[in-house]
Trainee: 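Questions regarding the structure given below will be posed in turn.
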There are 2 protein chains.
Amino acid sequence: MKIGRLSELTRLSIDTLRYYERLGLIDPPFRKGGQRLYDPDAVRWIEFLKALKATGMSLEDMKRYALMRARGHGTAANRRVMLENQHAKVLSRIAELSACATLLEYKIANYHDIEASHELADKTRHAK
Amino acid sequence: MKIGRLSELTRLSIDTLRYYERLGLIDPPFRKGGQRLYDPDAVRWIEFLKALKATGMSLEDMKRYALMRARGHGTAANRRVMLENQHAKVLSRIAELSACATLLEYKIANYHDIEASHELADKTRHAK
DNA sequence: GCTTGACCTGGACCGTACTCCAGCTCGTAG
DNA sequence: CTACGAGCTGGAGTACGGTCCAGGTCAAGC
């Protein structure tokens with residue numbers, strides 16, 4: 001498939017796909033008359049990159065992962081360790097966000113109280 | 001307190017504190033001979049800003065919140081809505097991260113399998 | 001065979017959130 | 001009263017992750 005199609009399937013812009021290729025995140029595909037022709041497997045790999053990115057991994061780290069992957073099975077243990085570290089980061093980020101959610105709930109409840117007491121004050125004033 | 005002390009208490013750099021002031025996130029404090037002198041309450045406000053930031057809110061949105069806060073109780077309902085929106089974003093981000101965590105767990109388990117089968121292959125080869 | 005839309009490259013530019021710096025002033029300890 | 005560490009300003013610089021553009025090439029349909 002050509003880059004336009006890959007862009008549709010992955011919902012990454014054409015510019016971003018080429019940018020990722022330059023960074024070394026995506027293997028340079030075969031070319032036909034200068035145009036990139038991707039293997040359908042590229043979609044699966046890019047979806048995985050998107051998942052890594054969603055975990056908060058930097059493009060730099062994703063590049064290191066991609067490089068190891070390209071070097072084959074000898075790097076499997078190192079790749080696993082990277083994923084384990086990232087997994088730990090995701091869990092702690094979830095914990096952080098949960099704490100923030102709780103704080104927001106508390107603040108929101110507070111605003112409800114404030115608004116209720118202002119409404120009450122308005123009604124009282126109106127009744128006078 | 002002076003800015004150095006505030007920086008220690010909030011674990012934000014002095015430059016960041018002045019930057020936030022320029023952006024309008026922090027009220028310009030009183031000055032004594034040109035030097036900023038902060039009220040202890042500033043610490044609480046900055047901790048709240050840090051929590052908003054941890055939720056993924058942009059400095060721009062935090063500025064809008066700070067502006068409304070400065071305008072007083074008439075903006076309470078709007079501020080509550082902002083917090084409610086942010087709360088929704090946090091929950092969906094937690095859901096996204098949870099899905100990523102599951103994917104990572106799956107991948108990591110996969111690597112364990114791969115490593116185990118390679119070890120087995122090595123042992124077999126050794127036994128020959 | 002020609003048009004036209006998709007694709008190509010290299011490099012400039014962008015937004016966000018800081019971070020650093022030069023050159024200056026302030027204030028407190030000795 | 002002086003030294004020096006902390007603070008001041010305005011502006012430049014940085015890192016990250018893209019995004020856009022000019023000027024050119026390719027290929028598929030008519």
Side-chain angles (χ1 to χ4, degrees), chain A residues 1-39 42-43 45-67 86 89 93 96 100, chain B residues 1-40 42-43 45-67 82 86 89 93 96 100:
Chain A
M1 78 187 74
K2 291 195 281 184
I3 201 167
R5 179 73 181 130
L6 186 63
S7 170
E8 279 172 24
L9 291 178
T10 60
R11 295 162 314 280
L12 290 183
S13 77
I14 290 175
D15 273 321
T16 299
L17 290 171
R18 288 196 283 237
Y19 175 59
Y20 280 10
E21 183 182 325
R22 245 181 295 150
L23 289 188
L25 298 183
I26 299 174
D27 292 333
F30 293 119
R31 301 277 188 132
K32 187 179 146 201
Q35 293 185 202
R36 291 169 177 83
L37 282 185
Y38 294 93
D39 185 299
V43 177
W45 170 242
I46 291 167
E47 287 301 333
F48 181 57
L49 289 180
K50 284 172 67 181
L52 288 182
K53 186 158 181 302
T55 69
M57 187 182 279
S58 68
L59 299 188
E60 187 58 32
D61 283 354
M62 286 161 60
K63 176 183 173 170
R64 295 199 297 109
Y65 185 92
L67 256 173
Q86 201 59 26
K89 282 184 196 169
R93 181 81 179 113
E96 186 187 18
C100 288
Chain B
M1 77 187 74
K2 290 193 281 184
I3 200 167
R5 179 74 181 131
L6 185 64
S7 170
E8 279 172 25
L9 292 178
T10 59
R11 293 160 318 280
L12 289 183
S13 76
I14 290 175
D15 274 319
T16 299
L17 289 171
R18 289 195 283 237
Y19 175 61
Y20 281 8
E21 183 181 325
R22 249 180 292 151
L23 289 188
L25 299 183
I26 299 174
D27 292 333
F30 294 118
R31 302 275 189 133
K32 187 178 145 201
Q35 294 186 198
R36 291 168 177 82
L37 283 184
Y38 294 93
D39 185 299
V43 177
W45 170 241
I46 291 168
E47 289 299 334
F48 181 57
L49 289 180
K50 284 172 67 181
L52 288 182
K53 187 159 180 300
T55 69
M57 188 182 280
S58 68
L59 299 188
E60 186 60 31
D61 282 354
M62 285 161 61
K63 176 182 172 171
R64 294 198 297 109
Y65 185 93
L67 257 174
M82 274 194 81
Q86 201 60 27
K89 283 184 195 168
R93 181 82 178 112
E96 185 187 16
C100 288

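Just so we're on the same page: letters track the sequence lines, and every chain starts at 1. The figures here come from the full heavy-atom set of this structure, side chains too, leaving out hydrogens, waters and symmetry mates.
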Trainee: So B:Arg36, base contact, sugar-phosphate only, or nothing? Heavy-atom distance under 4.0 Å.
Mentor: sugar-phosphate
Trainee: Determine: side-chain N/O of B:Lys63 to OP1/OP2 of C:dT16, distance under 4.0 Å, yes or no.
Mentor: no
Trainee: Compare the minimum distances between each of D:dG17, D:dT19, D:dG7 and the side chain of B:Lys2, then state the nucleotide with the smallest one.
Mentor: D:dG7
Trainee: Between B:Leu52 (CG) and C:dT16 (P), how many Å, whole number?
Mentor: 17 Å
Trainee: Tell me the closest heavy-atom pair linking A:Trp45 and A:Leu25, and the distance in Å.
Mentor: NE1-O, 2.8 Å
Trainee: Salt-bridge test for B:Glu8 and B:Arg5: reply yes if a basic N is under 4.0 Å from a carboxylate O, no otherwise.
Mentor: yes
Trainee: How many Å lie between CZ on A:Arg11 and P on D:dG18, as a whole number?
Mentor: 15 Å
Trainee: Treating B:Arg11 as the side-chain partner and B:Leu9 as the backbone partner, does any N or O pair qualify as donor plus acceptor under 3.5 Å?
Mentor: yes
Trainee: Hey, is A:Lys63 close enough to A:Glu60 for a salt bridge, meaning N to O under 4.0 Å?
Mentor: no
Trainee: Tell me: CZ of A:Arg5 to P of C:dA6, nearest whole Å?
Mentor: 14 Å
Trainee: Within the pair A:Thr16 and D:dT19, is there a side-chain N or O less than 4.0 Å away from OP1 or OP2?
Mentor: yes
Trainee: Rounded to the Å, how far apart are B:Leu12 CG and C:dA17 C1'?
Mentor: 12 Å
Trainee: Relative to the 5' end of DNA chain C, which residue comes earlier, A:Asp15 or B:Tyr19, by the nucleotide with the nearest heavy atom?
Mentor: A:Asp15
Trainee: Can you tell me if B:Ser58 touches the phosphate of C:dT16, counting only side-chain N or O atoms and a distance under 4.0 Å to OP1 or OP2?
Mentor: no
Trainee: Which part of the nucleic acid does B:Leu23 contact within heavy-atom distance under 4.0 Å: base, sugar-phosphate only, or nothing?
Mentor: nothing
Trainee: Tell me which of A:Arg22 and A:Gly34 sits closer to the 5' end of DNA chain D, going by the nucleotide each one is nearest to.
Mentor: A:Arg22
Trainee: Once you round it to whole Å, what is the distance between C1' of C:dG27 and CZ of B:Arg31?
Mentor: 16 Å
Trainee: For the side chain of B:Lys53, counting heavy atoms from C-beta on, which of D:dC26, C:dC18, D:dG17 is nearest?
Mentor: C:dC18
Trainee: From the set C:dC18, D:dA27, C:dC26, return the single nucleotide nearest to any side-chain atom of B:Gln35.
Mentor: C:dC26
Trainee: Calculate the interatomic distance between A:Ile14 atom CD1 and D:dG18 atom P; express it in whole Å.
Mentor: 16 Å
Trainee: Could you give the CG-to-C1' distance, from B:Asp61 to C:dT16, as a whole number of Å?
Mentor: 13 Å
Trainee: Donor-acceptor pair, B:Lys50 side chain versus B:Thr10 backbone, under 3.5 Å?
Mentor: yes
Trainee: When you measure from the side chain of B:Arg18, which nucleotide among D:dT9, C:dC7, D:dC21 comes out closest?
Mentor: D:dT9
Trainee: A:Lys32 or A:Tyr20: which one's nearest nucleotide on DNA chain D is closer to the 5' end?
Mentor: A:Tyr20
Trainee: Tell me the interatomic distance from B:Ile3, atom CD1, to D:dT9, atom C1', rounded to whole angstroms.
Mentor: 12 Å
